[in-house]
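Every value quoted in this text rests on a predicted model; they were computed, and no experiment measured them. Note: hydrogens, waters and symmetry copies are ignored here, and every other heavy atom, side chains too, is used.
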Amino acid sequence: MARFAGPARLMIVSDLDHTMVDHHDPENLSLLRFNALWESNYRQDSLLVFSTGRSPTLYKELRKEKPLLTPDITILSVGTEITYGERMVSDSGWEKFLDEKWNRDIVVEESSKFPELSFQLLELLTLVQSETEQRPHKVSFYVQKEKAEVLMKSLKETLTNRGLDVKIIYSGGIDLDILPQGGGKGQALAYLLKKFKEDGKLPLNTLACGDSGNDAELFSIPEVHGVMVSNAQEELLKWHAENAKDNPKIIHASERCASGIIEAIGHFGLGPNISPRDVEDLSTFKLDNFNPGHELVLFYLLYERWHREEVEQSATTIEIMKKITSHNGVLIHPSGVERPLHECIDAFSACYGDKKGKQFRVWLDRVSSTQIHPDAWLVKFDKWEMSGLLLLALCNKL
């Protein structure tokens, strides 16, 4: 459940849509700022958890569209599914727990009796959500905002009378989800924290991040810091005003989406919160202790700026790139081809400014390092490049 032996220095648990991902930011700059900060400062000893209302299918679609990092844990379908690692291995214990007092067939049967929850597929606001979003422990609909409150009360009474113990969550001004009472994003987080505690690996700090009603539970977990991003929706702000306005562990950020998460890291003093992307002169941006991941992120940011013609075309810039890396460094391409790293840097001269004016961005994912000699490190990473809507990935070793 963790990549290292001890407790995580920080665990970030973040919603995706309109929290980690800003769908109004076509260049994904806030997300890329977070990515650079995470891979530079946190990947080696902290845990990243995505907590989303999306099903596995829609989550994977989002990963193809946006420059998302690979999380250690993924909480899906409004907290009714928990998976681990890149392979997304399911937590069968969580699934078994949710089975108590839950019968999906009864939920579907009773819901079909409400015309506002029609399964007709031609209307926009009164239809069941797409087939991929109907999960073993989640039945979901689109509902008009003005009808939601009455519907939720009636549905709850009806299903309780059938012997079920359910939770009904309304979020985003449109999404209505019916779950087992034990499900939900907050309950899934509590379950994870309990498992970590039992293993003696309770994270030193946890930061929950959200923007909508289905994120409210995340902020109800004791000892967890919380940030509502500046673009948080009405239902979450209302919940906060009614339940947690005097809680100093929960803030309403002044920044949108992932930038609000970075803001919260600094506000709560959870660790470094200066993203390498915000540093103009990367040659002066050093950590107190050497960190290969930090150096690698700086190198590829220079690489991006070189292509975009955002740094000076000079021998000095090339020397800065070489200074960041070892003169004995070797780049191992996914094909197995090895080339001296400084030889690769010398070849950059021919591509200066070739991405000027384009939506070209570079980011790293899954950076890991192992010291193999007093002055040598083996660093593995995925390098992604984005040009417009096209994502390209390379897995490299240094």
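- Applying the salt bridge (charged side-chain N to carboxylate O under 4.0 Å, His left out) rule to Lys167 yields the partners Glu217; only residues at least two apart in sequence or on another chain are considered.
- Legend: salt bridge (Lys or Arg N to Asp or Glu O under 4.0 Å) pairs involving residues 246-267, not counting sequence neighbours, sorted by first then second residue: Asp22-Arg256.
- Side-chain N or O atoms of Gln134 include one that pairs as donor or acceptor with a backbone N or O of Ser140 at under 3.5 Å.
- A heavy-atom distance below 4.5 Å is not found between the side chains of His240 and His252.
- Ion pairing of Glu110 with Lys113 is present here, as a side-chain N (NZ or NE/NH1/NH2) and a carboxylate O approach within less than 4.0 Å.
- Looking at Arg366 and Glu86, a side-chain N of the basic residue comes within less than 4.0 Å of a carboxylate O on the acidic one, giving a salt bridge.
- The environment of CD in Glu223 is sparse: at most 12 heavy-atom neighbours from other residues, nucleotides or ligands sit within 6.0 Å.
- Side-chain heavy atoms closer than 4.5 Å link hydrophobic residues (I, L, V, M, F, W, Y) into clusters, and following such links, even through other members, never connects Val229 to Phe50.
- Across every non-hydrogen atom of Pro203 and Leu193, the tightest pair is CD-CD2, 4.2 Å.
- Across all their heavy atoms, Ser51 and Val13 have their closest contact at CB-CG1, 4.0 Å.
- Applying the side chain to side chain donor-acceptor pair (under 3.5 Å) definition to pairs two or more places apart or across chains, those involving residues 95-104 are Asp99-His137.
- Asn35 contributes a side-chain N or O that, together with a main-chain N or O of Pro67, makes up a donor-acceptor pair within less than 3.5 Å.
- Taking every heavy atom of both residues into account, Gln313 and Ser349 meet most closely at NE2-O, 4.2 Å.
- Atom CD of Glu149 has 12 or fewer neighbouring heavy atoms from other residues, nucleotides or ligands inside a 6.0 Å radius.
- When the ring pair (Phe, Tyr, Trp, His ring centres under 6.0 Å) test is applied to Phe299, no partner is found at least two apart in sequence or on another chain.
- Val227 has its side chain out of reach of Ile250: every pair of non-hydrogen atoms, C-beta onward, lies at least 4.5 Å apart.
- Note: the hydrophobic cluster containing Phe290 also contains Phe381 (ILVMFWY, side chain heavy atoms under 4.5 Å, direct or indirect links).
- With hydrogens and angles disregarded, a donor-acceptor distance shorter than 3.5 Å links the side chain of Arg63 to the backbone of Leu69.
- Atoms CG and CZ, from Asp354 and Phe360 in turn, are 7.5 Å apart once rounded to the nearest 0.5 Å.
- Residues Trp363 and Lys383 fail the side-chain proximity criterion, which asks for heavy atoms closer than 4.5 Å.
- Other residues, nucleotides and ligands place no more than 12 heavy atoms under 6.0 Å from the CD1 atom of Ile274.
- Under a 3.5 Å cut-off, the side chain of Asp199 and the backbone N or O of Lys201 do not form any donor-acceptor pair.
- Of the possible polar contacts, one joining the Ser112 side chain to the Glu109 backbone as a donor-acceptor pair under 3.5 Å is found.
- By the neighbour-count criterion of 12 heavy atoms within 6.0 Å, atom NZ of Lys286 is densely surrounded, having more than that number from other residues, nucleotides or ligands.
- A heavy-atom distance below 4.5 Å is not found between the side chains of Asp25 and Leu31.
- Screening residues 184-193 for salt bridge (Lys or Arg N to Asp or Glu O under 4.0 Å) gives Asp15-Lys185, Lys185-Asp215 as the qualifying pairs, with residues at least two apart or on separate chains.
- Using bins of under 30°, 30° to 60° and over 60° for the plane-to-plane angle, the ring pair Phe34/Trp38 lands in the parallel bin.
- In this structure, Ile75 CD1 and Thr52 OG1 are separated by 10.5 Å, a value rounded to the nearest 0.5 Å.
- When atom types are taken as modelled, the side chain of Tyr191 and the backbone of Gly186 share no donor-acceptor pair closer than 3.5 angstrom.
- At least one donor-acceptor pair closer than 3.5 Å links the side chain of Tyr170 to the backbone N or O of Gly173.
- The list of salt bridge (Lys or Arg N to Asp or Glu O under 4.0 Å) pairs with a residue in residues 338-349, not counting sequence neighbours, reads Lys322-Asp346, Arg339-Glu343.
- To the nearest 0.5 Å, atoms OG1 (Thr74) and OH (Tyr59) are separated by 4.0 Å.
- Closest approach of Ala208 to Phe219, counting heavy atoms only: O-CE2, 3.3 Å.
- Lys380 places no side-chain N or O within donor-acceptor distance of the main-chain N or O of Ser369, the cut-off being under 3.5 Å.
- Considering only heavy atoms from C-beta on, Ile251 comes within 4.5 Å of Phe268 through its side chain.
- Val166 has its side chain within reach of Leu159: a pair of non-hydrogen atoms, C-beta onward, lies under 4.5 Å apart.
- Between His307 and Tyr303, the ring planes are perpendicular. Angles over 60° get that label, and only those under 30° would be called parallel.
- Partners of Glu312 by salt bridge (charged side-chain N to carboxylate O under 4.0 Å, His left out), not counting sequence neighbours: none found.
- Using a 4.5 Å heavy-atom threshold, the side chains of Glu319 and Lys323 count as separate.
- Using a 4.5 Å cut-off between side-chain heavy atoms of Ile, Leu, Val, Met, Phe, Trp and Tyr, with links allowed through other members, Val89 and Trp94 fall into different hydrophobic clusters.
- Looking at Glu385 and Tyr300, their side chains never bring a donor and an acceptor atom within 3.5 Å of each other.
- Heavy atoms of other residues, nucleotides or ligands lying less than 6.0 angstrom from CD of Glu280 number 12 at most.
- When all heavy atoms of Trp239 and Ser220 are compared, the pair lying nearest together is CZ2-OG, 3.4 Å.
- The distance from atom CG of Leu302 to atom CG of Leu282, rounded to the nearest 0.5 Å, is 5.0 Å.
- Taking His342 as the reference, nothing meets the ring pair (Phe, Tyr, Trp, His ring centres under 6.0 Å) condition, with sequence neighbours excluded.
- By the ring pair (Phe, Tyr, Trp, His ring centres under 6.0 Å) test, His23 pairs with His18, sequence neighbours left out.
- Screening Leu16, Asp365, Asn28 against Leu68 for a side chain to side chain contact (heavy atoms under 4.5 Å, CB included) leaves a single residue, Leu16.
- Val49 and Leu204 fall into different hydrophobic clusters, defined by Ile, Leu, Val, Met, Phe, Trp and Tyr side-chain heavy atoms under 4.5 Å apart, directly or through other members.
- In this structure, CG on Asp72 lies 4.5 Å from CG on Leu47, to the nearest 0.5 angstrom.
- Aromatic ring orientation, Trp306 versus Tyr352: perpendicular (interplanar angle above 60°, classes split at 30° and 60°).
- Within the 4.5 Å cutoff, no side-chain heavy atoms of Phe4 are placed close to those of Gln44.
- Checking side-chain atoms of Ser154 against main-chain N and O of Val150 turns up a donor-acceptor pair under 3.5 Å.
- If you chain together ILVMFWY residues whose side-chain heavy atoms come under 4.5 Å of each other, Leu179 ends up grouped with Val78, Ile169.
- For Glu304, the salt bridge (charged side-chain N to carboxylate O under 4.0 Å, His left out) test picks out Arg277, Arg361, with sequence neighbours left out.
- Put simply, the side chain of Asn231 gets close to the backbone of Cys257: a donor and an acceptor are under 3.5 Å apart.
- From Leu237, atom CG reaches atom NZ of Lys245 across 14.0 Å, with rounding to the nearest 0.5 Å.
- Here Lys145 pairs with Glu234 under the salt bridge (charged side-chain N to carboxylate O under 4.0 Å, His left out) rule; sequence neighbours left out.
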